[in-house]
There are 2 protein chains.
Amino acid sequence: MPSPRPSSRLLRAFELPRSYAPRRIPRPQFQSRQFTKAVKRPLNEPGQRDPLKEWREPSKSSPWGNRIRKYVLVPFTLLLIYNILTEDVKAEGPTIAEKDALLKRESGITEQSPMRLRMEQFIKQHQKQIVAELEKVDGKKFHIDTWQRPEGGGGITCVLQDGNVFEKAGVNTSVVYGKLPRAAIQKMRVNHKALDPDVDSLEFFAAGLSMVLHPSNPMAPTVHLNYRYFETADEFGNTNAWWYGGGCDLTPSYLFDEDAIHFHSTIKSACDKHDKTYYPRFKKWCDEYFNNKHRSESRGVGGIFFDDLDESEKDQEQLFAFAQDCLSAFLPSYIPIIERRKNMPYTEAEKQWQQLRRGRYVEFNLVHDRGTAFGLNTPGSRVESILMSLPLTARWQYMHAPEKGSREERLLEVLRNPKESMPSPTSFTPDKQSLLVIDGPKKLIYKEQDTNTP
Amino acid sequence: MPSPRPSSRLLRAFELPRSYAPRRIPRPQFQSRQFTKAVKRPLNEPGQRDPLKEWREPSKSSPWGNRIRKYVLVPFTLLLIYNILTEDVKAEGPTIAEKDALLKRESGITEQSPMRLRMEQFIKQHQKQIVAELEKVDGKKFHIDTWQRPEGGGGITCVLQDGNVFEKAGVNTSVVYGKLPRAAIQKMRVNHKALDPDVDSLEFFAAGLSMVLHPSNPMAPTVHLNYRYFETADEFGNTNAWWYGGGCDLTPSYLFDEDAIHFHSTIKSACDKHDKTYYPRFKKWCDEYFNNKHRSESRGVGGIFFDDLDESEKDQEQLFAFAQDCLSAFLPSYIPIIERRKNMPYTEAEKQWQQLRRGRYVEFNLVHDRGTAFGLNTPGSRVESILMSLPLTARWQYMHAPEKGSREERLLEVLRNPKESMPSPTSFTPDKQSLLVIDGPKKLIYKEQDTNTP
C-alpha cells in the first residue's frame, strides 16, 4: 500500500481496535512513538517538569509559541479537518496484511496472537514435519520454492517429482491476503450471515496447507489433504466472519481393504476426540464432495471433508484444536500404508490402470474441485502451486471397461456404490479398535473388535 | 413420449403449423389417414357416392345411426370437450423430436426440410467422409458406436485409438432434442432476443460434428473442429431462435511455420467466399476463446471460432452454406500437414514435451471449454463421447521450463503473445496466395505473394 497521508496515519492509530491489539503488543509503527511515550510518562511526578506544561499554559513571554500556533498549527489543523472530511478514511485503514506483518515483527506469534498468525505458524510447522517424514519414505529430497504475493502473503511449495516412491508429491502452504468482490461476498453469505451484505468489497485472509501424493507403485494409493482457515475483516480491520474447512481422502487404484480401514479409523479417532458426530457427518460430506458427478463415480474410498465450520458449530479455539488434530492424524494414517505398498510387484497392465485412474483424478480436480476453481480464478495466484495436485502422468482411453470379476472392476463397483454404513458413534469405545470392513463390493461396514484380536 | 390421449392426438393435428409442414409433406401419422383421404377426395364427382353423405343426411331408416349418435358420438364429443377444457394442451403438443422423426420417415430429407434435418444429414455425411480419409492416413479402422438418447436424438461416435498415426482420434456427430430450463434461457437471451423470456422451459435442438485428432508423432499437430446448429422451438413447436457456431484450431507441440500458414490460408479462403470480414473476426475470436486464461497462454496457433451467428448476421441459408464450406475446408487444411509430419523422426525428450502440451490441452478442455462444460452438465449426456477429446496420455511437471533458445521455448513465446496482425481483407485477391508468416516469436503476419512464387 502506498504511504498514507499524515492525517490518515493518525486516524489509523485511533481506529486500531482494542480487541485486536492485546496490551503486551506495542502500538503499531505508524503511530508517533514520541507522542506515545510522552503520554505514558506520569504527569507531575515530584521533582519532574510537566512535559505538557507548554501546551496547557503557553508562556506569554515566548513570541514563538504564538507564531507556531498561527503559522504552523492552525493551518495544519485546518488541513487535518479538511482531510478528515474529504478523504475516504475507511478505504485507507491499515490492511490486515499490514497489521499482521507488524505484529509478527514486533511480538512474534503466541497464543494471544490473532488466529490468522497462529494458523499460519501451525501449518508451516506441520509442512516441515510432513516433508521430513516423506523424504524418509522416498529417499529423495523435496524441491522447495518460497514465493510472495504482491498483494500480501505468499507460500511455500514443496514438490518431489520422479522420486523413488512418489511419482509426484506436493506439500504446499499458502497465506493469502486479498479483497473479496461483492459477488463473492453474496455467495459466501449463504453460509456466513456475519458477512456485511452492503459493502462492495471485503478484505479477506486465507491460510491453508494442501497436499497431494501420487506414488509410483499402482498398489499404493494417492492421498490428498487440505486444512484451511478463512477470515474476513470489517471496514476497521476487525475479524468479521471466520471459518475452518478441510479434509483428507484416499484414492487407491487397487483396493486393499486393510488400507481403507486403517486410514478411516485413524481419522475417526481424531474426530471422536472432539465430537462423536464429526466422523459420520464429515465422512458423508467427503463422499458427496469427492465425486465425479459426470460419471456417478467417487474419486476414491473417502475420508472426511468439512467446510464453513464457524461459531455456529463450536468456538474458534475448539475448532482450531480440531483442525490441528486432523492434520496431526495424517502421518499416522498414511505412512503405514505407503510403507506396506511402495515396493509391491506390479505388471505393466496394472500401471496402465493406475494411469486411467489418474485421468479420473484430473477430471475431478479440474471440473469439480472448488478449491482449484477458486485458485485459478484468483488474480495473481500461483498456477504451478495450484496444479501441483495433478499427477505426473494420466491417461484417457475411450470406453475402457475392466474385465469381469477383476480387481479393477471391483474398485469401480465400490466407487459407484456409496458406502454409508458406519458404526453408531455412541458404540465406539476407546478400548476397542474400530474396523472398517469392505464386505463385498457394495458394502463398507464397521465392525468393532477388541484391540487384541488379530 | 408416452402415447397421448385420443383428444390430444386430434388437437395436435390442428396445432401443426402450416409454415412447418410444406404441402408436399403428408400430414403427420397421428392424424387419421382415413379422414384425410376422405376430405381430399373430390366431393360429388359424377357417378361417385358422396363419402360424407351419411354424416350430412343421416338415414332416418337406420336405427343404428341414432344409437351410434346417442351412445358413442355424444359421450365421445362430451369427453373431447371435457379434455380440451381440462388438459394442458400446450404441454402435450408433439415435440420437435416427434415431428422430425415423422418427417424423416415419411418424406426423407430435401432442401425444403427444416434446417434441423438438413444439418443432421450434412454432418453425418461429412463424418463418413472425414473418417474414411483419416483411415487412409492411419491405416487402421475407426471403432464406431451409434447411440440413442432416451429424450430424443442420439449420435455416432467414431474413435481410433493407438493407431499407426493417431494416438487418439475422435469424430463425433450428435443430435440432441431436449428442454432448456429457465436459467439457461435467460443466459441465452443475451445473444438471442427472439427467445421468450416468460416461459419456464423451451424445447431445443442441437446438432453438431466435433472432432479432435491427437497424432502420436510430436511433430504432427493436434487439430480440433466443431460445427453446430442450435434451435429452440416455441410452445407450438415452431422454430423460435436459431444459430450456428463452430470453428477449428491447430495445436502444435513443435511449430512449423508452413503448417500454420497452410492451415490458416485454407480456412481464410473458405471464409472469404462468404464475407471478407469473417476470417479476421473469427480468427480473433478463436485466439480469445482457445486460451488457457489461468496461464495467459493460447492453446495453439489458432484458426477460427464463431458462435451465435443468426439472422442478425446473415440469413439461415447463407449461414448454412458458410458452415458447410468451413467443414468442407477441414480435410484440405489438415491432410497435407499430417502427411508431412506423421513419419518424422523424434526423440524421447520431444515426446515428453508433447505430453506436457497434452496436459495443457486437458486443462483447456476441462477448465475453460464451454462445450465440454455444457455436455458434462447435460443430464443423460454421453460422457465418453464428450471426453473423447482428451488425449490418450498427458503429463504435468511442476515448474517445467524449456531451455533458452530451444524450439520448445519459441512455441511458448508464440502462445504467450497474441498474434493479431493479418492482411487487410480488401487486399486479398484470388490470384494471389495469402500467406501467414510467423516472423520471429512475437509476430504472426500475413504476406501476399503470387501463387507462382515458391
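As the structure is a computational prediction, the values presented were derived from the model and not from experiment. Chain identifiers are assigned alphabetically (A, B, ...) following the order of the sequence lines, protein sequences preceding nucleic acid strands; residue numbering begins at 1 within each chain.
- The OG1 atom of T393(A) sits 10.5 Å away from atom CD of Q397(B), with the distance rounded to the nearest 0.5 Å.
- No other option in L392(A), T372(A), L387(A), N377(A) has as many heavy-atom pairs under 4.5 Å with chain B as L392(A).
- Taking M388(A), R295(A), K293(A) one by one and counting their heavy-atom pairs under 4.5 Å with chain B, the maximum is reached by R295(A).
- Contact between A394(B) and W396(A) at its shortest, heavy atoms only, is CB-CZ3, 4.1 Å.
- There is no contact between I386(A) and chain B, counting heavy-atom distances below 4.5 Å.
- Along residues 348-369 of chain B, the residues that come nearer than 4.5 angstrom to chain A, judged on non-hydrogen atoms, are V362(B), E363(B), L366(B), V367(B) in order of number.
- Considering only heavy-atom pairs separated by less than 4.5 Å from chain B, the leading option among H143(A), H400(A), R382(A) is R382(A).
- Minimum heavy-atom separation, V383(A) to H294(B): CG2-O, 2.9 Å.
- At distances below 3.5 Å, not a single donor-acceptor pair connects side-chain atoms of E384(A) with backbone N or O atoms of Y398(B).
- Of residues 158-168 of chain A, those residues lying under 4.5 Å from chain B by any heavy-atom pair are V159(A), Q161(A), D162(A), K168(A).
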